**Q** 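The structure is given below, and queries will be raised subsequently.
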Amino acid sequence: MDILATLNPAQRKAVEAVKGPILILAGPGSGKTKVITHRVAYLVKLCGVSPHNIMAVTFTNKAAREMRERLEQLLRQAAEALSLGTFHSIGARILRREGKAIGLDSSFVIYDEDDQLRLMKQVLEELNLDPKQYAPRALRSAIGAAKSRLISPEGYAPRVSNYFEEIVHRVYQHYQQLLSRSRAVDFDDLLMKTVQLFQDHPQILNRYQSRYVHILVDEFQDTNIVQYMLMKQLTGKHRNLCVVGDPDQSIYSWRFADLRNILSFEKDYPEAKVVFLEQNYRSTKTILKVASDVISANIQRKPKELWTENEDGTPVTIIKSYSAEEEAQSVVSEIEKLTIHEQLSFKDCAVMYRVNAQSRALEETFLRYGVPYKLIGGTRFYQRREIKDVIAYLKLIHNPHDNVSLTRIINVPARGIGPRTLSQLQSWAKAHDTSLFEALKQVSHPYSVGTKQSLPPRIVQTLAGFDALISELTAQSHKLSLSDLVNEILKHTGYREYILDKEGGEEKWENIMELRSVAGEYDELDPEEALAAFLEKVSLVSDIDELDEKADAVTLITLHQAKGLEFPAVFIVGLEEGILPHRKSFDDPEQMEEERRLCYVGITRAKKRLYLLRSYRRSLFGGSTANPPSRFLKDISPNLISPRDLWEETPTSVASRNFNLDSQSSPQPLNTLTLKVGDHVCHNKFGPGIVMNCNPTKDDQELTVAFEQAGVKKLLASLAPLEKIEKDFDFSA
DNA sequence: CGAAAGGCTCTTTTT
DNA sequence: GAGCCTTTCG
């Protein structure tokens with residue numbers, strides 16, 4: 001098979017320029033992934049480079065997996081030897097191997113944001129700082145900012161210029177101390193410590209530099225400074241660095257991604273070639289024009305012209321509604337139309353939003369109308385409390401020094417170890433500069449080392465019991481398969497009863513069973529290896545990684561997570577001032593430009609149909625607010641918009657769509673009325689509602705109606721004082 | 001010590 | 001509206 005045959009001239013150039021650095025600026029839908037995979041295949045098959053000598057870095061694990069799959073098709077078995085992964089997974093891999101050199105135990109655990117915050121609270125407590133005055137999240141973020149710029153606690157000292165930074169400095173130092181006491185690293189450490197390792201140990205770096213003859217980086221516009229440094233280190237010898245990105249799709253500045261990396265690249269690699277990929281293969285001309293209308297308003301931007309040979313396509317549809325619920329209903333009814341009239345299936349449709357909270361109204365409506373959907377993100381699976389609890393047990397078994405995990409589950413389920421006891425353990429651990437687990441062991445067996453007996457015997461006994469529990473599980477972990485180990489944990493801790501007792505316990509238990517079956521995928525491995533591999537995966541996965549393309553269901557996803565995906569039909573909801581653009585960006589022009597890019601990312605996911613939705617009112621929490629339409633909508637040329645949905649309604653439609661709030665206008669007599677699922681009704685007593693289910697009986701209908709105020713009721717159509725309400729209405733007047 | 005209740009704050013995006 | 005923290009009572 002000819003690797004170059006299916007490429008256009010620009011793509012071909014990007015693939016063939018294998019010597020030296022290259023910057024590929026690739027617009028959306030321009031075949032960027034294709035270029036990367038084909039470049040790798042070209043290197044292996046035509047240039048004779050061993051896959052062992054190639055590294056490709058992606059933004060998500062899912063992207064890495066897909067790339068591996070594609071390369072397996074191109075390269076067969078040779079693909080196995082490629083190094084593919086995210087920056088974080090690559091950092092983790094290197095640190096597991098080489099961490100010893102910087103005093104890092106190879107069984108270190110990785111702390112996610114939740115763990116970090118718990119640790120941060122511990123830090124504040126030990127430093128006698130008030131968490132109300134110094135928000136743990138703000139401190140965490142400040143430390144993350146420092147780490148992303150490769151600033152160590154020592155390096156932070158000279159940069160301190162105000163009192164808050166003074167605090168950050170102290171907190172940062174102590175935070176790192178507690179991390180190391182727990183033999184843990186956080187997400188940012190995976191990158192920073194790797195770079196530090198290479199800085200301090202040139203001979204180790206040298207090995208990796210020699211190995212990686214070719215390095216490719218995807219989504220380069222979203223890399224931060226540490227990531228850039230890491231690439232620079234690794235390519236120090238061969239300088240064959242290929243970066244692919246699109247400044248217009250840079251949407252992660254809040255994760256300290258730095259667009260200046262593109263400038264740095266041109267400075268650090270002056271010999272770099274630059275290739276532009278501007279032909280779009282994904283979208284219709286109309287969609288591309290809409291995207292261009294929106295993004296062109298950014299000032300801090302190099303103009304570029306995307307073009308396509310695709311057809312003009314349908315005008316984009318702008319739909320406004322009265323509430324988030326109405327908005328969701330519009331989405332559902334449009335999706336129904338698409339599936340009936342345009343041969344699209346549910347899986348071809350995606351609904352995108354700015355904040356996860358928006359998914360709720362969508363979900364409820366999708367459930368109500370029986371439209372299948374898959375929700376990406378939201379309360380992420382691995383962040384659910386019950387899941388984190390079970391994982392905490394596993395982490396503790398793997399690394400007993402992990403204080404955050406121990407603190408998490410020492411009294412879950414409740415076993416009589418309260419805050420007082422815990423705090424005593426903590427003082428002991430702090431005094432001896434050791435982990436809580438060590439403290440627990442010493443304190444619960446006081447006679448073995450002659451420690452002063454300062455705890456009441458009953459507590460000592462309880463602690464000893466917990467110690468015995470963990471020891472027993474640890475012993476089991478060497479013999480049992482991973483899923484059996486999970487079973488043992490659930491059994492010995494009484495977690496099952498504990499969780500089933502709770503509100504919504506069934507669902508939580510299901511989640512745990514789901515986790516167990518994921519664990520089961522590691523059952524073939526040797527127990528210790530399985531546990532390590534499983535924890536590594538669990539620490540580094542994101543939800544997008546789990547997106548199942550096969551299921552025929554609509555995708556609900558944030559705009560951020562949608563980057564890199566494409567769908568025949570895309571709905572972007574919440575195009576309102578305050579949502580998209582988010583109000584947090586109002587006072588910062590740079591952030592506002594990022595909001596615009598985010599909108600651009602959403603638009604350019606669409607292949608054939610694009611719907612932009614805006615709601616007149618939205619209740620985001622507590623009271624509802626009226627939001628003006630998003631400024632981004634105003635930038636779209638009117639001739640690209642489907643006329644029936646322009647802002648101004650025609651007189652007839654205004655009349656016919658008048659919403660029936662005071663139930664004066666033409667109530668329809670009920671007995672002649674057959675209601676169907678999704679119809680809006682108004683009840684004399686219960687007020688407005690929506691029909692959720694219809695059960696036809698002999699000559700009647702049994703209805704299940706969800707009322708806005710009164711909740712879900714079952715009613716008989718013939719008896720209930722119901723009126724039908726026209727669904728389409730308009731409030732803009 | 002633990003469960004339940006009330007009060008508080010904060011709401012962006014994620015490897 | 002939720003999640004977290006504190007308070008209160010058993």
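Below, chains carry the letters A, B, ... as their sequence lines are ordered, and counting in each starts from 1. As the structure is a prediction and not an experimental result, all values here were calculated from the model.
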**Q** Under 4.0 Å between a side-chain N or O of A/Arg360 and OP1 or OP2 of C/dG1?
**A** yes
**Q** Output yes if the stacking criterion (under 5.5 Å between centres, under 30° between planes) is met for A/Phe87 over the base of B/dT15, else no.
**A** no
**Q** Specify whether A/Tyr393 and A/Tyr495 have parallel, tilted or perpendicular ring planes, treating 30° as the upper limit for parallel and 60° as the lower limit for perpendicular.
**A** perpendicular
**Q** Measuring only the C1' atom in each nucleotide, how far is C/dC4 from B/dT13? A whole number of Å is fine.
**A** 22 Å
**Q** Looking at B/dT14, I'd like to know if its phosphate oxygens (OP1 or OP2) sit under 4.0 Å from a side-chain N or O belonging to A/Asn356.
**A** yes
**Q** Honestly, is A/Arg255 close enough over A/Tyr252, meaning NZ or CZ under 6.0 Å from the six-membered ring centre and within 45° of the axis?
**A** yes
**Q** Taking any heavy-atom pair under 4.0 Å as a contact, classify A/Arg583: base, sugar-phosphate, or nothing.
**A** nothing
**Q** DNA chain B: A/Gln591 or A/Thr421, which has the more 5' nearest nucleotide?
**A** A/Thr421
**Q** DNA chain B in dot-bracket, Watson-Crick or G-U pairs under 3.5 Å, [ ] crossing, | other strand?
**A** ||||||||||.....
**Q** To the closest 0.5 Å, what do you measure between CG (A/Leu150) and CE (A/Met192)?
**A** 7.0 Å
**Q** Would you say B/dT14 has OP1 or OP2 under 4.0 Å from some side-chain N or O of A/Thr558?
**A** yes
**Q** Has A/Arg596 got its NZ or CZ under 6.0 Å from the middle of the six-membered ring of A/Phe632, at an angle within 45 degrees of the ring axis?
**A** no
**Q** So that I can tick it off, tell me whether A/Arg118 and A/Asp114 are bridged by a salt bridge, with the cut-off set at under 4.0 angstrom between side-chain N and carboxylate O.
**A** yes
**Q** Could you tell me how far apart A/Trp254 (CH2) and B/dT15 (P) are, to the nearest whole angstrom?
**A** 8 Å
**Q** Determine: side-chain N/O of A/Asn411 to OP1/OP2 of B/dC1, distance under 4.0 Å, yes or no.
**A** no
**Q** For A/Glu364 and C/dG1, give me the distance from atom CD to atom P, rounded to whole Å.
**A** 8 Å
**Q** Could you check how far CD of A/Gln133 sits from P of B/dC8, rounded to whole Å?
**A** 19 Å
**Q** Checking A/Lys563 against A/Phe59: charged group under 6.0 Å from the ring centre and within 45 degrees of the axis?
**A** yes
**Q** Mind calculating the distance between CG (A/Asp130) and P (B/dT9) to the nearest angstrom?
**A** 12 Å
**Q** Can you spot which of A/Arg618, A/Arg614, A/Arg617 makes a salt bridge (charged side-chain N to carboxylate O under 4.0 Å, His left out) with A/Glu327?
**A** A/Arg618
**Q** Whole angstroms only, please: what is the CD-P distance between A/Glu386 and C/dG3?
**A** 11 Å
**Q** Kindly give the heavy-atom pair with the smallest separation between A/Asn399 and A/Ser182, and that separation in Å.
**A** ND2-O, 3.3 Å
**Q** Take A/Lys584 and A/Arg458, find for each the nucleotide of DNA chain B with the closest heavy atom, and name the residue whose nucleotide sits nearer the 5' end.
**A** A/Arg458
**Q** With a 4.0 Å cutoff (strictly under), does any side-chain N or O of A/Gln561 reach OP1 or OP2 of B/dT13?
**A** no
**Q** Compare the minimum distances between each of B/dC1, B/dA3, B/dT15 and the side chain of A/Ala414, then state the nucleotide with the smallest one.
**A** B/dA3
**Q** Without decimals, in angstroms, what is the distance between A/Leu425 CG and B/dC1 C1'?
**A** 15 Å
**Q** Whole angstrom is fine here: how far is it from CG in A/Leu375 over to P in B/dT14?
**A** 11 Å
**Q** Which atoms of nucleotides 4-10 of chain C (N or O only) lie under 3.5 Å from a protein N or O atom, and what are those distances?
**A**
from, atom 1, to, atom 2, distance (Å)
C/dC5, OP1, A/Lys121, NZ, 3.2

**Q** Identify the two heavy atoms, one from A/Val168 and one from A/Leu139, that lie closest to each other, and give their separation to 0.1 Å.
**A** CG2-CD2, 3.9 Å
**Q** Applying the salt bridge (charged side-chain N to carboxylate O under 4.0 Å, His left out) test to A/Arg631, which of A/Glu595, A/Glu577, A/Glu593 qualifies?
**A** A/Glu577
**Q** Ignoring the backbone of A/Val355, work out which of B/dA3, B/dT15, B/dT13 is nearest its side chain.
**A** B/dT13
**Q** For A/Asn261, run the side-chain hydrogen bond (donor to acceptor under 3.5 Å, both in side chains) check against A/Asp222, A/Thr223, A/Asn224 and tell me which one passes.
**A** A/Thr223
**Q** Starting from P on B/dT15, measure out to OH on A/Tyr382 and report it in whole angstrom.
**A** 13 Å
**Q** Mind checking if A/Glu594 touches a base, just sugar-phosphate, or nothing, with heavy atoms under 4.0 Å?
**A** nothing
